[in-house]
There are 4 protein chains.
Amino acid sequence: MKKIKIGVIGVGRIGKMHIKNISNLRDMFEIVSISDPVNPKLAEIAQEYGIKNYYQNYQDVLNDDIDAVVIASSTDTHAEIITAAAQSGKQIMCEKPIDTDIDRIKKVLKIIDDCGVTLQIGFNRRFDHNFRKIHDYVVNDVVGSPHIIKVSSRDPEPPSYDYIKVSGGLFSDMMIHDLDMVRYLSNSEVTEVYAQGTVLVDSEIGKLGDIDTAIVSLKFANGALGVIDNSRQAVYGYDQRAEVFGSKGQAFTENDKDSNVELDLNDGGHLDKIPYFFIDRYVQAYIDEFKEFYNSIVNGTKPMVTGLDGLRAVQLAFACKESLEKHEPIKLNFD
Amino acid sequence: MKKIKIGVIGVGRIGKMHIKNISNLRDMFEIVSISDPVNPKLAEIAQEYGIKNYYQNYQDVLNDDIDAVVIASSTDTHAEIITAAAQSGKQIMCEKPIDTDIDRIKKVLKIIDDCGVTLQIGFNRRFDHNFRKIHDYVVNDVVGSPHIIKVSSRDPEPPSYDYIKVSGGLFSDMMIHDLDMVRYLSNSEVTEVYAQGTVLVDSEIGKLGDIDTAIVSLKFANGALGVIDNSRQAVYGYDQRAEVFGSKGQAFTENDKDSNVELDLNDGGHLDKIPYFFIDRYVQAYIDEFKEFYNSIVNGTKPMVTGLDGLRAVQLAFACKESLEKHEPIKLNFD
Amino acid sequence: MKKIKIGVIGVGRIGKMHIKNISNLRDMFEIVSISDPVNPKLAEIAQEYGIKNYYQNYQDVLNDDIDAVVIASSTDTHAEIITAAAQSGKQIMCEKPIDTDIDRIKKVLKIIDDCGVTLQIGFNRRFDHNFRKIHDYVVNDVVGSPHIIKVSSRDPEPPSYDYIKVSGGLFSDMMIHDLDMVRYLSNSEVTEVYAQGTVLVDSEIGKLGDIDTAIVSLKFANGALGVIDNSRQAVYGYDQRAEVFGSKGQAFTENDKDSNVELDLNDGGHLDKIPYFFIDRYVQAYIDEFKEFYNSIVNGTKPMVTGLDGLRAVQLAFACKESLEKHEPIKLNFD
Amino acid sequence: MKKIKIGVIGVGRIGKMHIKNISNLRDMFEIVSISDPVNPKLAEIAQEYGIKNYYQNYQDVLNDDIDAVVIASSTDTHAEIITAAAQSGKQIMCEKPIDTDIDRIKKVLKIIDDCGVTLQIGFNRRFDHNFRKIHDYVVNDVVGSPHIIKVSSRDPEPPSYDYIKVSGGLFSDMMIHDLDMVRYLSNSEVTEVYAQGTVLVDSEIGKLGDIDTAIVSLKFANGALGVIDNSRQAVYGYDQRAEVFGSKGQAFTENDKDSNVELDLNDGGHLDKIPYFFIDRYVQAYIDEFKEFYNSIVNGTKPMVTGLDGLRAVQLAFACKESLEKHEPIKLNFD
């Protein structure tokens, strides 16, 4: 099997996790170079993982003899780096969101198209064992025509106020994963959203102009209805559940737990906590998205999460925000 | 313990079930008389349960020496019978809905008030072991302030076309139970609804002017958000689930199953079906609502489901219908 | 459907429960008379359930115009009453054990045989929804040939010392139900037992010559192996589980819980307690054993639990005791 | 953190898995050399994982500049290699069993002791998330004094006849893991065993002098009773469960499943299969045992599985075999 030579651009928390995961996929990838404009430990990381080159400037990565890049830099640099990478003929795996401006995203997608390279977006949850199983039950017609799609997604705690200020708001920062998930699970396109949002967790979040609790109702092109609920703070852990109800039955998933042990005491039964947050919960999904990236490159197939998926998620997040502001349902028109 | 002498007005399927259940509560009730204008087997039923009197006319029941009546006749007779019963000083347990006209319901509630009798409405699900447990976790502050209320309620199969024609539609006929349930679980009042509805199960239902699949988003006076989803046809059985997510945690219930047996074969694990429909699923709840009725009479306390609860559920169902028709959120103004 | 006229002999705790359950099976049974030599509330109970006759002497019950009797008197009276009832041609439902002397049991069974009446033994757990489901999976060959049979059965608290003194010991008093259960679930006969027993719950129980914790290994005529574990004190409730592992798969059951609600707090997940003891746990099984009794009488079929089953359970309990005392495996020889 | 320089002796299926797992623990270990007398792909493997040296002879590994060795060669070579490794001052992680001769094991343990090196045995299941959690509940007194210990362990399919011929039999080859597990879960020593064994899966296994189905009853030094059941063929997958019942409650674990998805169709509920076999089931446990090895070396602490644990497991397996042959309980005397 051919090994893909790869560079990683952006070595923050997620970038480092990708480096570790890719390094463990020894028969698929060889990390040739990494870059980060500010991380002071680049040399150390390069040594630990046996990576030849490390740079401050991402352009140096693109100049190396590599087949593909992973872009895990800050969102505002994505469009520029994707463009440069595509133009130098690299296959691209980019963290979500592609950008916060829809026109800019469309321009980027056109460049990807023109350059004929692969762009995979980091919607890692699509690779989760639970959600992929539900998706498979839908596409294999096990649950029949989808009638109702439900996603519950709640973080264990809100991000910092500093982050909230620049995050673009709950819909763009948090629900965007769930908006992608309902598209994945329904195997269809969203045609309308109606958003309810409120501040119940921390009034300070409201003062920063954001919400912390939301329910979005959805309609799909295939006729199904759907609903997503989000909270910035589930004190019991990172709540990640979904359900598809269809003409032949339903498939739903409970949360993963740290162990399967049930403890029975004289005050009742006790179960383990669910994993704390995404790094713990989606360990394998973060690995599997690189297997997908590898396969799509080697086989010349479309990855499971394309640039168009990246665009749609942003468009849906914006429509939710508009719905909340106008207090009315918003139709989606994808031209 | 004092025994309540009771009459049962309306001996159809539900009326007969009530007769059986009340008869088994020997230390609480004695059924003195029953009436039904059309049931040809009244004498037989009276004999089986050792009931002294049986009549065609409900007025005869009211003239008997009884303390209380159960009204399980057709909806269009409720207002009249409640009025007559209240005016003759009987305690009243009435099936939902009280009526299909909000002004008439209000008039009935005023009469109840004036006559100083108890009116309990047959929202039996409030007495279910699962939902009552969640409710208790809410009122005892175990889950903290409610943030998100979710109810899934799906029938195993649609009613007959004849029934759908006169049912008042999915919101009034089916979701009314769930609209009561979210009030019960949230321990609060609904202030706004947004309804999505569609026809996915059977296009004939659409031709009759009804829907068979619906999602309703809700806002509550206590700030919580909520969502109800309904389908007229869950092929796997009578799907009855709920969840309250709050500041301290969440409580949710899965469906009851016929047994707790897991069967593991070489194609995976297998679980029992869930009960087929409400008669099977809510066996104990139908019994327990009469224990509540008994206690409210003997102790002179308000029953867990009052006439006002009956009114609110109808008002909410109407608001859902209006929201679906206008394609916009509807605010509730309870004057 | 023909109604069976029935008398209840012995009106203690279990007898009263049977009276209530039989009374609620209106279309099957009519209780004509009850008797108890010491219960001072017989008249009251007779009135509550509309029972015509009540006596101190069981012979008066047998003299009444009845088809069948329920024997819920103390164990030492079973043999005598069964004999008298059989000789007067009554169908018989008798609580376990038939007797504590194997020769006397055999004599009783011969009389039953000679008189041509039905004798059903009160091994109520066979009628439980979970265990019956596993049994069905075995007899319908869903799990294939049984290889391993497992039963866990633990009481919530030990009986009184006074009771332990006369109980015949853990094997005869408590495990007897499980010895019947493994026969039921394996659909086979036990051929050998090896018993381990010890005192871990309360040393006072040991001083009374009994044990409170036991594990019994079993061999079955169909080649399967098995194991039963018992404890007199499971502080979390009445633990009742079973499993059959076979050539095609396995079926096992978890405990029933009071509700299906899962509560997730920041210290993990919480489940309801399991029911406290047999009266709560086997509500429906106690009812269903009378449906079986009715059907076996009306259809002239053998009941699901015969006198022979009653004999075998006692023989197995005795063999377990012998194994414990001799510290060696004991072969069963049923002549 | 200091990196441990390590050599891997024996590069078969398990050896290769260890190489992969150790390589991914970059901050703990550096694999310096590997050896295998027959594996023709050593050079290839060495290159894939960036390992400097590869040899046919294990002595060459010991001569390299390494701190520790992993011994994954065939059982008959363990004693010799452990001895040589210990005498050259290496820390040792060795696959189970240490040897098939108890005297030889004792001699090896004495050498380990004399040389002052660490010997960790590869009872990987102790590191499993489920079993470790139960163990923790025991040692932290959450379940109180252990009264009953239960382990179910069933393989998905029997090994080849060739393997069975040399395996030493079910107790030594398969149940040895469970004999270690009950010691781990009970936090105590086994004092007596009684073994039942039979051939139900494949009569050919019986002709080879082995059994394929077994139940072993146990007594423990702390007074607890226990039971292990084994089958060579669970058609539904690799069944791995355990339970500890104690004075304060119980802890038990169900099997892991591939996903948490429940599928509800009109024939009931469906769950995923459990993982097929140990490589799939114990992925993380195989990794975590090397974290333990690392920590025990760096901190100079005893590993969670010592040489003595390796000895005890073999002694117990032999006692089970003796019990089966003599058809009587066997006391354990550890001098």
Side-chain angles (χ1 to χ4, degrees), chain A residues 128 130 150-159 178 200-202 212-213 215 228-243 245 249-282, chain C residues 128 130 150-159 178 200-202 212-213 215 228-243 245 249-282:
Chain A
D128 176 66
N130 292 332
K150 296 173 73 174
V151 170
S152 266
S153 177
R154 301 165 190 161
D155 286 353
E157 55 176 355
D178 310 301
L200 295 170
V201 171
D202 179 358
D212 55 34
T213 305
I215 290 185
I228 297 167
D229 71 83
N230 273 186
S231 170
R232 285 286 197 186
Q233 183 175 288
V235 297
Y236 50 88
Y238 187 47
D239 195 346
Q240 298 284 290
R241 288 174 289 158
E243 174 180 331
F245 168 79
Q250 75 166 341
F252 69 94
T253 178
E254 291 306 316
N255 282 298
D256 284 0
K257 298 225 151 107
D258 285 346
S259 83
N260 277 327
V261 174
E262 177 175 326
L263 174 69
D264 292 320
L265 301 178
N266 65 10
D267 64 349
H270 300 261
L271 302 175
D272 271 19
K273 283 200 78 159
I274 58 178
Y276 181 67
F277 215 161
F278 60 99
I279 295 281
D280 307 301
R281 173 63 183 79
Y282 290 119
Chain C
D128 177 66
N130 292 332
K150 296 173 74 174
V151 169
S152 267
S153 176
R154 302 166 190 160
D155 287 353
E157 55 177 355
D178 309 303
L200 295 170
V201 171
D202 179 358
D212 55 33
T213 306
I215 290 185
I228 296 169
D229 71 84
N230 272 188
S231 170
R232 285 285 197 187
Q233 183 174 285
V235 298
Y236 51 87
Y238 187 48
D239 195 346
Q240 298 285 288
R241 288 173 289 157
E243 174 179 331
F245 167 79
Q250 75 166 341
F252 69 96
T253 177
E254 291 306 317
N255 282 299
D256 283 0
K257 298 224 151 110
D258 286 346
S259 82
N260 277 328
V261 174
E262 178 176 325
L263 174 68
D264 293 319
L265 301 178
N266 65 11
D267 64 349
H270 300 260
L271 302 175
D272 271 20
K273 282 200 79 160
I274 58 178
Y276 181 67
F277 215 162
F278 59 98
I279 295 281
D280 308 301
R281 174 62 183 78
Y282 290 119

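Here is how names work: the chains are called A, B, and so on, in the same order as the sequence lines, proteins then strands, and each is numbered from 1.
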Enquirer: Given a strict heavy-atom distance threshold of 4.5 Å, which part of D258(C) is in contact with chain A: side chain, backbone, both, or neither?
Expert: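 Neither part; nothing is under 4.5 Å.
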Enquirer: Applying the side chain to side chain contact (heavy atoms under 4.5 Å, CB included) test to K273(A), which of N266(C), L265(C), D267(C) qualifies?
Expert: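 Of the listed options, the one satisfying the test is N266(C).
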Enquirer: Is it the side chain or the backbone of D264(C) that comes within 4.5 Å of chain A heavy atoms, both, or neither?
Expert: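 Both backbone and side chain.
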Enquirer: Tabulate, in ascending numerical order, the residues of residues 229-241 of chain A having at least one heavy atom closer than 4.5 Å to a heavy atom of chain C, or enter 'none'.
Expert: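 Residues V235(A), Y236(A) are the ones that qualify, each having a heavy atom under 4.5 Å from chain C.
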